[in-house]
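Chain naming here is simple, since letters A, B, ... match the order of the sequence lines and numbering starts at 1 in each.
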There are 2 protein chains.
Amino acid sequence: MEDTKSKNRFKDFLVTQGLKSTHQRELILEEFLRAGSHLSTEDLYLRLRRKNPRIGYATVHRTLKLFAECGIAEQRNFGDGQARYEASAHDEHHDHLICVVCGKIVEFEDPRIEELQIEVAGGLGFSIERHRLELYGCCSDCRPA
Amino acid sequence: MEDTKSKNRFKDFLVTQGLKSTHQRELILEEFLRAGSHLSTEDLYLRLRRKNPRIGYATVHRTLKLFAECGIAEQRNFGDGQARYEASAHDEHHDHLICVVCGKIVEFEDPRIEELQIEVAGGLGFSIERHRLELYGCCSDCRPA
DNA sequence: GTTTAATTTGAAATCCATTTTCAACAGGGG
DNA sequence: CCCCTGTTGAAAATGGATTTCAAATTAAAC
């Protein structure tokens with residue numbers, strides 16, 4: 001249950017940072033974990049409003065930043081001018097394939113590419129800390145037969 | 001002379017699109033080609049102001065979009081909240097290494113990585129149109145000996 | 001349970017890069 | 001030169017992210 005893991009990690013984070021556990025933070029975490037990945041702040045905000053109209057955009061925004069800070073979420077940016085968040089699977093990293101027609105986002109991972117990145121960077125004197133790889137193209141559903 | 005090539009391409013673009021060749025557009029293109037790559041709109045605007053105080057930000061912005069449209073420039077986004085533009089070398093593609101300490105940006109290219117990208121995407125039913133690969137790390141100048 | 005000190009909330013305001021508006025201006029064909 | 005159309009630039013609008021601040025909530029202390 002990744003959910004429980006994330007919830008515990010967030011609780012621990014709040015405690016160690018001297019922050020408080022609130023109703024809103026719980027609601028937001030619940031909904032964040034329930035909803036699929038790659039949601040914008042707006043997306044999550046609207047989903048939450050449907051169930052609890054008394055929640056504020058600012059709170060959703062601040063809470064998502066907390067999630068990122070404590071490591072249970074990662075911020076992404078696919079160039080549409082909106083930050084998106086996804087629940088992070090800790091040990092495994094992945095990159096993204098984005099369909100330019102329908103907007104579908106698929107995750108993938110390839111150790112050979114990672115390997116080459118390290119090699120290339122090393123050759124230029126860099127040690128890599130993180131990277132971003134996004135492939136934009138057309139998925140099979142959107143390609144004319 | 002890549003410069004002449006870009007200038008001609010832009011001229012052709014203006015003609016075929018029924019757009020006009022103006023003093024400002026020439027100035028902006030000159031300065032864009034002269035200045036190094038990875039400039040933000042603001043950067044270029046300030047450089048231009050030094051020589052010609054009568055040029056407007058909106059014009060620089062619009063003109064950079066024209067450059068991108070006609071293919072002599074590419075828009076980049078390295079996550080600092082500002083779009084950057086670089087002169088595009090047509091036949092060759094490259095990716096970026098960014099030093100998280102000093103902000104230095106190095107370009108690189110590796111056909112093996114490109115190859116693998118196509119392979120991986122194909123396996124998931126995608127045909128790639130373009131991609132973005134950025135490696136963030138620490139350059140040799142910034143690494144403690 | 002009550003008090004207290006500190007954090008959190010949410011509506012609204014602010015920020016800031018980008019984009020649009022619009023009246024004055026410039027290009028270039030006729 | 002004239003006219004039509006595209007262009008310019010100052011200013012305003014936009015839109016997502018972020019901050020402000022008074023009121024509300026939390027959790028520790030009493």
Side-chain angles (χ1 to χ4, degrees), chain A residues 10-32 38-70 73-86, chain B residues 7 10-32 38-70 73-85:
Chain A
F10 186 54
K11 268 196 187 99
D12 290 350
F13 174 78
L14 292 179
V15 171
T16 63
Q17 300 291 310
L19 302 177
K20 289 173 178 171
S21 169
T22 68
H23 188 48
Q24 285 91 333
R25 285 177 177 162
E26 279 174 37
L27 279 178
I28 295 171
L29 180 51
E30 289 276 353
E31 190 62 31
F32 174 68
H38 311 119
L39 290 94
S40 65
T41 307
E42 179 83 18
D43 291 339
L44 190 57
Y45 169 66
L46 291 176
R47 288 182 66 115
L48 284 156
R49 289 290 284 211
R50 289 211 291 271
K51 297 175 184 174
N52 187 333
R54 312 187 48 65
I55 207 151
Y57 183 95
T59 303
V60 177
H61 170 262
R62 282 183 290 229
T63 305
L64 279 171
K65 293 222 313 189
L66 284 183
F67 292 170
E69 214 176 309
C70 87
E74 277 172 63
Q75 200 190 31
R76 301 278 180 190
N77 221 301
F78 297 124
D80 60 349
Q82 272 194 309
R84 291 171 186 283
Y85 289 85
E86 68 179 47
Chain B
K7 286 181 189 173
F10 187 53
K11 268 196 189 95
D12 290 350
F13 174 77
L14 292 179
V15 171
T16 61
Q17 301 291 309
L19 303 177
K20 288 174 180 172
S21 169
T22 69
H23 188 48
Q24 286 91 332
R25 284 177 178 165
E26 279 174 37
L27 280 178
I28 295 169
L29 180 51
E30 289 276 353
E31 190 62 32
F32 173 68
H38 312 119
L39 290 92
S40 66
T41 307
E42 178 84 17
D43 291 338
L44 190 57
Y45 169 66
L46 291 176
R47 289 182 66 116
L48 282 158
R49 288 292 283 214
R50 289 211 292 271
K51 298 174 183 174
N52 189 332
R54 310 188 49 65
I55 207 151
Y57 185 95
T59 303
V60 177
H61 170 260
R62 283 183 290 228
T63 306
L64 279 171
K65 293 222 313 191
L66 284 183
F67 293 169
E69 215 176 309
C70 87
E74 277 172 63
Q75 199 191 30
R76 301 279 180 189
N77 221 300
F78 297 125
D80 60 350
Q82 272 195 309
R84 293 172 185 283
Y85 289 85

Open item on the list: Does anything in residues 18-28 of chain B come within less than 4.0 Å of DNA chain D? Heavy atoms only, and list the residues if so.
Closed with: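 B:Gly18, B:Leu19, B:Lys20, B:Thr22, B:Gln24, B:Arg25 - these, ordered by number, are the residues of the stretch whose heavy atoms sit under 4.0 Å from the strand.
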TODO: Using a cut-off of strictly less than 4.0 Å between a heavy atom of the residue and any atom of DNA chain D, enumerate the qualifying residues of residues 46-58 of chain A by number.
DONE: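 Contacts with DNA chain D under 4.0 Å: A:Tyr57, A:Ala58.
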TODO: Determine which pairs satisfy side chain to side chain donor-acceptor pair (under 3.5 Å) with at least one residue from residues 10-24 of chain A, sequence neighbours left out, and list them in order.
DONE: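 Listed once each, the pairs are A:Ser21-A:Glu26.
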- [ ] For the helix from C:dG1-D:dC30 to C:dG30-D:dC1, figure out the bend between the end axes, five pairs an end, and round to 10 degrees.
- [x]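 End-to-end axis angle for the helix from C:dG1-D:dC30 to C:dG30-D:dC1: 20°, rounded to 10°.
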Could you tell me which residues satisfy side chain to side chain donor-acceptor pair (under 3.5 Å) with [X], sequence neighbours excluded, listed by chain and number?
X       : answer
A:Glu74 : A:Arg76
A:Arg47 : A:Glu31
A:Arg84 : A:Asp80
A:His61 : none

Table please: side-chain donor-acceptor pairs of residues 39-46 of chain B below 3.5 Å, with sequence neighbours left out.
residue : atom : partner : partner atom : Å
B:Ser40 : OG   : B:Asp43 : N            : 3.1
B:Ser40 : OG   : B:Asp43 : OD1          : 3.3
B:Ser40 : OG   : B:Asp43 : OD2          : 3.1
B:Asp43 : OD2  : B:Ser40 : N            : 3.0
B:Tyr45 : OH   : B:Arg49 : NH1          : 3.2

- [ ] Please list, chain by chain and in numerical order, all residues satisfying ring-ring contact (aromatic ring centres under 6.0 Å, His included) with B:Tyr85, sequence neighbours excluded.
- [x]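 Applying ring-ring contact (aromatic ring centres under 6.0 Å, His included) to B:Tyr85 gives none.
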For the atom pair [atom1] ([X]) and [atom2] ([Y]), what is the distance rounded to the nearest 0.5 Å?
X       : Y       : atom1 : atom2 : value
A:Glu69 : A:Leu64 : CD    : CG    : 12.5 Å
A:Glu30 : A:Leu48 : CD    : CG    : 10.5 Å
A:Leu27 : A:Thr59 : CG    : OG1   : 11.0 Å
A:Leu29 : A:Thr63 : CG    : OG1   : 9.5 Å
A:Gln82 : A:His38 : CD    : NE2   : 14.0 Å

TODO: Give me the first and last nucleotide of DNA chain D, going 5' to 3', that has any atom under 4.0 Å from a heavy atom of chain B.
DONE: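 Terminal contacting nucleotides, 5' to 3': D:dT5 to D:dA10.
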Open item on the list: Does A:Ile28 form a side-chain contact (heavy atoms from CB on, under 4.5 Å) with A:Ile55? I'd like the steps, not just the answer.
Closed with: CA-CA 9 Å; A:Ile28 295 171; A:Ile55 207 151; 3.9 Å; yes
Open item on the list: Going 5' to 3' along DNA chain C, between which two nucleotides do contacts with chain A fall, using a heavy-atom cut-off of 4.0 Å?
Closed with: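 The contact span of chain A on DNA chain C goes from C:dA6 to C:dA11.
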Task: pair B:Phe13-B:Leu19: side-chain heavy atoms closer than 4.5 Å - done: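 Sidechains of B:Leu19 and B:Phe13: in contact.
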